[in-house]
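Positions are given from 1 along the sequence. The model shown is predicted, which means the values in this text are computed figures rather than measured ones.
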Amino acid sequence: MSNNAQNESVRFSVTDLRRCVGCDRRWIEKSLRFREAVGGERRRRDGDGELLGRMDRNNWLRKNQELAYSCHCHITKCISRDYFNLTPSSPRQPKAHGRHAFSLCVSSSQANPLSPACDALSKSPGSDTPPNRSRGFGVSFAGLVMAEEKKRSDSRMRSFVLILLCLAHCCCLSDAILDPIDFLALQSIRKSLEDLPGSNFFASWDFTGDPCNFAGVLCDSDRVVALNLGDPRAGSPGLVGRINPAIGKLSALTEFTIVPGRVFGALPQTLFQLKNLRFLAISRNFISGTLPANLGEIRSLRTLDLSFNQLTGEIPRSIGTITELSNVILCHNRLTGTVPMFPRLNQLNYLDLSLNQFTGTIPTRIFSFPIVNLQLQRNLFTGPVLPASQVAIPTVDLSYNRLSGPISPMFSTVQNLYLNNNHFTGEVPNSLVDRLLAANIQTLYLQHNFLTGIEINPTAEIPLSSSLCLQYNCMVPPIQTLCPEKAGNQKTRPTEQCGEWRG
């Protein structure tokens, strides 16, 4: 066969390979260019602008392993020292395999119909020993070997055909194998976390198998789209360890959760790389440090739940620019400073900043959000609370703060209002009383303040579905329902504590 005819056959085979097997075009083209460059001492640049002419073979193999993996073939370490001599001292000298363009190792726990062909292809001339194999299904691109133009064309073409058969077989068996970057990221994440005693969550994380079948891992095609770490069943011990920064490599991730356990350390700064992340929930662990300032770069984030941890510092202003954010749950931490204005959170549905150490006044804009539940209790908020318009939030809890001034009548449209354990003064607005008697307000807790009066008929009947507590104020409660146990037994505040008193 002439050289021109042979080259045409090679090109036709590669075209068929691209069309029938669907392997990565760049890898195939790089493989052929490297063979030509090594054989003819030619210098040619690939699509990335890298010089292939005299590239060290070890470096080339490491660079192209990920491209080979994207050819839908799982990479395993089937290269041994006895098969190729790939040392830096002789980067272009094959030990005894000069006649093949490249070679494959195909291994499987089951019988492989092409194993004899691959074995024959990978044996060295004059040797009966094939390369070492890895356990489990996999394929490894062992490397490109310098083509010898002196060999007979029929032997070279026969070797190339066997290579195509092995490649087609492995690609068909390993359809939709996980992307190599996601694969390595999962390995790093696994190394940083362990099961607590009594938990067997990581028992299925065997990286000789398909990671998409691991517990808590959900894939779409060859990418990880959801990672839910830990046994979600009630009472599960959870996990211990740190969150590896490699989490930022899972660029297709839309959901990331960790069940309650003993995961500690700071949140990785690489979280901002998860541009598609919509749900982030790591609650009831021991996460410490500050919230990453670049968290606002996750523009698609809708739920942020970092409750019941040990976070400190302020809430980054950038979080207030995530327009898609609808649920913010940062309760039971050690966060300080003032609460941001959240200028662009027009879709905010639930806000829980309770049990922290926030100071300053409560931003008026918060009461205009279309949320169903506002939890700001047990902080250090001070000053008056004066919403600009009627508050349409069904549940508002501002209890256990240091809020002062009169109670705004704008709260009369709230169904469950908790203003207890503050420094509110003055009389209870009539609008709140009217809506309470009409059963439009279900809970009105005003105990432990400095209120001096309420206009209500002592004979009025409070609906059974409603609760009113006025205990421990600067007045004798004319009427009330059963108060919570924490309100104590004292009906009124001592007169010496009250600047104004109404008996």
Does anything in residues 348-404 pair up under ring-ring contact (aromatic ring centres under 6.0 Å, His included), and if so which pairs, sequence neighbours excluded? Phe367-Phe411
Flag yes if more than 12 heavy atoms outside Arg299 fall under 6.0 Å of its CZ atom; otherwise flag no. yes
Hey, is the main chain of Asn309 close enough, under 3.5 Å, to the side chain of Asn333 for a donor-acceptor pair? yes
Quickly, which of Leu386, Asn401, Asn379, Leu376 forms a side-chain contact (heavy atoms from CB on, under 4.5 Å) with Ile362? Name it, please. Leu376
Looking only at heavy atoms, what is the nearest atom pair of Ala215 and Ser204, with distance? N-OG, 3.0 Å
Pairwise side-chain contact, Pro211 with Phe183, heavy-atom cut-off 4.5 Å (strictly under): yes
Please report the interatomic distance CD1(Ile366) to CG(Leu348), rounded to the nearest 0.5 Å. 8.5 Å
May I ask you to test the Leu291-Leu306 pair for a side-chain heavy-atom distance under 4.5 Å? yes
Report the residues that fulfil side-chain hydrogen bond (donor to acceptor under 3.5 Å, both in side chains) with Thr303, sequence neighbours left out, ordered by chain and then residue number. Asn327
In this structure, CG of Leu250 is separated from OG1 of Thr270 (nearest 0.5 Å) by 9.5 Å
Please determine whether side chain to side chain donor-acceptor pair (under 3.5 Å) holds for the pair Thr413 and Arg435, giving the CA-CA distance in whole Å, both sets of side-chain angles, and the decisive distance to 0.1 Å. CA-CA 8 Å; Thr413 48; Arg435 291 184 63 85; over 6 Å; no
Do Asn276 and Val225 have side-chain heavy atoms sitting under 4.5 Å apart? no
If I take atom CD from residue Glu255 and atom CZ from residue Arg302, how far apart are they, to the nearest 0.5 angstrom? 12.0 Å
Answer yes or no: is there a donor N or O on one side and an acceptor on the other, between the side chain of Ser236 and the main chain of Arg233, under 3.5 Å? no
Taken to the nearest 0.5 Å, the spacing of Leu186 CG from Leu227 CG works out to 6.5 Å
Decide yes or no on side-chain contact (heavy atoms from CB on, under 4.5 Å) for Ile393 and Asn373, but give the supporting numbers first. CA-CA 6 Å; Ile393 305 172; Asn373 202 315; 5.8 Å; no
If the threshold is 4.0 Å, N to carboxylate O, is there a salt bridge linking Glu324 and Arg278? no
Qualifying residues under side chain to side chain contact (heavy atoms under 4.5 Å, CB included), relative to Ser192, sequence neighbours excluded: Asn244
Using a 4.5 Å cut-off on heavy atoms from C-beta on, say whether the side chain of Val372 contacts that of Thr395. no
According to side chain to side chain contact (heavy atoms under 4.5 Å, CB included), who are the partners of Pro370, at least two apart in sequence or on a separate chain? none
Within-4.5 Å side-chain heavy-atom neighbours: Leu239 and Asp231: no
Just distance, no hydrogens or angles: give the donor-acceptor pairs under 3.5 Å from side chains in residues 257-269, sequence neighbours left out.
unit_1, atom_1, unit_2, atom_2, d
Thr257, OG1, Asn228, OD1, 2.7

Test of understanding: with ring pair (Phe, Tyr, Trp, His ring centres under 6.0 Å), list the residues that count as partners of Phe308, not counting sequence neighbours. His332
Applying ring-ring contact (aromatic ring centres under 6.0 Å, His included), which residue pairs with at least one partner in residues 209-260 are found, sequence neighbours left out? Trp205-Phe214, Phe207-Phe214
Asn349 vs Gln347, test: side chain to side chain donor-acceptor pair (under 3.5 Å). Steps then yes/no. CA-CA 6 Å; Asn349 182 69; Gln347 299 188 33; over 6 Å; no
Identify, with sequence neighbours excluded, every residue that meets side-chain hydrogen bond (donor to acceptor under 3.5 Å, both in side chains) alongside Thr290. none
Please test Asp222 against Ile177 for side-chain contact (heavy atoms from CB on, under 4.5 Å), starting from the C-alpha separation and ending with a verdict. CA-CA 6 Å; Asp222 62 341; Ile177 292 296; over 6 Å; no
Measuring from Ser354:OG to Arg378:CZ, what's the distance to the nearest 0.5 Å? 9.0 Å
So CG of Leu419 and CG of Leu403: to nearest 0.5 Å the spacing works out to 8.0 Å
For Val414 versus Ile441, what's the shortest heavy-atom pair and its separation? O-CG1, 3.5 Å
Would Thr254 and Leu277 count as a side-chain contact (heavy atoms from CB on, under 4.5 Å) if you check the C-alpha gap in whole Å, the side-chain angles of each, and the deciding distance to 0.1 Å? CA-CA 4 Å; Thr254 62; Leu277 191 65; 5.6 Å; no
Which is it for Thr443 and Asn416 under the side chain to side chain donor-acceptor pair (under 3.5 Å) test, yes or no, and what are the steps along the way? CA-CA 5 Å; Thr443 305; Asn416 299 283; 3.0 Å; yes
So salt bridge (Lys or Arg N to Asp or Glu O under 4.0 Å) across residues 186-197, not counting sequence neighbours, yields Arg190-Glu194
For Ser251 and Arg223 the tightest heavy-atom approach is OG-NH2, 2.8 Å
Under the rule for side chain to side chain contact (heavy atoms under 4.5 Å, CB included), what residues qualify as partners of Ser307, not counting sequence neighbours? Ser283, Asp305, Ile329, Cys331
For residues Leu229 and Ile243, determine if any side-chain heavy atom of one lies less than 4.5 Å from a side-chain heavy atom of the other. no
Quick note, ring-ring contact (aromatic ring centres under 6.0 Å, His included) partners involving residues 275-299, not counting sequence neighbours, are none
Derivation of the side-chain contact (heavy atoms from CB on, under 4.5 Å) call for Leu335 and Glu314: CA-CA 6 Å; Leu335 298 173; Glu314 299 186 1; over 6 Å; no
Taking all heavy atoms of Ala487 and all of Gln447, pick out the closest pair and write down the distance. CB-CG, 4.2 Å
Using only atom types and a distance under 3.5 Å, with no angle test, would you say the side chain of Asn422 pairs donor to acceptor with the backbone of Phe424? no
Considering only heavy atoms from C-beta outward, does the side chain of Val224 approach that of Leu218 to under 4.5 Å? no
So Arg334 and Ser288, side chain to side chain donor-acceptor pair (under 3.5 Å) or not? Walk me through it. CA-CA 9 Å; Arg334 300 171 184 172; Ser288 59; over 6 Å; no
For residues Thr321 and Ser318, report the shortest heavy-atom separation together with the two atoms involved. OG1-O, 2.6 Å
Heavy-atom closest pair, residues Ala185 and Ala246: CB-O, 3.6 Å
Short side-chain to backbone donor-acceptor contact, Ser368 and Thr364, under 3.5 Å: no
Within a strict 4.5 Å, meaning less than it, do heavy atoms of the Pro484 and Cys469 side chains meet? yes
Which residues satisfy the side chain to side chain contact (heavy atoms under 4.5 Å, CB included) test with Ser404, sequence neighbours excluded? His423
